[in-house]
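What you see is a predicted model; the values in this text were computed from it and never measured. Hydrogens, waters and symmetry mates are skipped; everything else that's a heavy atom, side chains included, is used.
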Amino acid sequence: TTVEPTTTVNIGAAGYVAADLQVAGLEATNFVSTDITIADYIYHAGDANTYFGFNGPDNFKITAGGNDNFAVNASTVYLKHTGNTKLITTSTGVAVTGYISVTSGVDVIGGNIDLVDNSKIRLGTSQDLQIYHDGNNSYIAESGTGLLNIFSNGGGINLLKNTGEFMGEFATDGAVSLFYDNAKKF
């Protein structure tokens, strides 16, 4: 059995539009929008897409539980959780407040991961491996119960000063050399 929906639309004196929609015994009432002009539109193209349009500096919001959880203006999209902004689009990307939980991985293609001083890259369930800079010194810290292992499948591992001077040279299956002021001492 097909039940045709019935709709009642009322336009109030202040320009408010209230619609009551009833389909197959389910009723949704008082969908209200204010100050609708011909420049604003809601358009549904068959079963493909629905478009909302605002030609002016309007804000579009989706509210649930008394909180604005999604908002769009002419240049920015805001995603919120219980009214608190968690993600904002910007001209350079997005700004996130809080934690990002990822299940498949993160790819940074042609960019950087920039952290301020004392912010750490923490790896492991208990954050056992930490990489950070405190404003003066840089650290690779293994704070768990295991070892910090550095592997190389190439010619070895070199420890270098920022100018390129050798401090230590560890050849794969070969010699170990220690340097002072770029001169081999051992």
Does Tyr139 have more than 12 heavy atoms from other residues, nucleotides or ligands lying within 6.0 Å of its OH?
yes

Using the rule that Ile, Leu, Val, Met, Phe, Trp and Tyr join whenever any side-chain heavy atoms are under 4.5 Å apart, tell me whether Tyr99 and Val106 fall into a single cluster.
no

Give a yes or no on whether the backbone of Gly155 and the side-chain of Thr172 come within a donor-acceptor separation of less than 3.5 Å.
yes

Quick check: are there more than 12 heavy atoms from other residues, nucleotides or ligands sitting under 6.0 Å from OH of Tyr180?
no

Please name the residue in the list Ile88, Thr90, Leu87, Val72 that meets the side chain to side chain contact (heavy atoms under 4.5 Å, CB included) test with Val77.
Val72

Taking Glu169 for the side chain and Ala171 for the main chain, is one N or O donor matched with an acceptor at less than 3.5 Å?
no

Within a 6.0 Å radius of atom CG on Asn149, are there more than 12 heavy atoms belonging to other residues, nucleotides or ligands?
yes

Could you state whether Val176 and Leu159 fall into the same hydrophobic cluster, counting links through intermediate Ile, Leu, Val, Met, Phe, Trp or Tyr residues with side-chain heavy atoms under 4.5 angstrom apart?
yes

Here the pair of heavy atoms bringing Phe179 nearest to Phe166 is CB-O, 3.1 Å

State, with a plain yes or no, whether a side-chain heavy atom of Leu148 is found less than 4.5 Å away from one of Leu129.
yes

For the CD1 atom on Ile140, are there more than 12 heavy atoms of other groups (residues, nucleotides or ligands in this structure) within a distance under 6.0 Å?
no

Heavy atoms only: give me the nearest Ile157-Ser152 pair and the separation to one decimal.
CG1-CB, 3.8 Å

If every non-hydrogen atom of Ser143 is compared with every non-hydrogen atom of Gln127, which pair is closest and at what distance?
OG-O, 3.8 Å

If every non-hydrogen atom of Leu79 is compared with every non-hydrogen atom of Phe70, which pair is closest and at what distance?
CD2-CD1, 3.4 Å

Check whether Val116 and Val96 end up in the same hydrophobic cluster, where Ile, Leu, Val, Met, Phe, Trp and Tyr are linked by side-chain heavy atoms less than 4.5 Å apart.
no

Atom pair CD1/CD1 of Ile121 and Ile131 - distance to nearest 0.5 Å
5.5 Å

So, taking the atom named NE2 in His81 and the one named NZ in Lys86, what distance separates them when rounded to the nearest 0.5 Å?
7.0 Å

Working to the nearest 0.5 Å, report the span between CG of Leu160 and CG of Asn182.
9.0 Å

How many angstroms lie between atom CE of Met167 and atom CG of Leu178, to the nearest 0.5 angstrom?
10.0 Å

Distance check, rounded to the nearest 0.5 Å: Tyr132 atom OH versus Asp134 atom CG?
7.0 Å

Spell out, as yes or no, whether a donor-acceptor pair under 3.5 Å connects the side chain of Thr85 to the backbone of Lys80.
no

Taking the side chain as every heavy atom from C-beta outward, state whether Leu147 and Glu142 have any pair of such atoms under 4.5 Å apart.
no

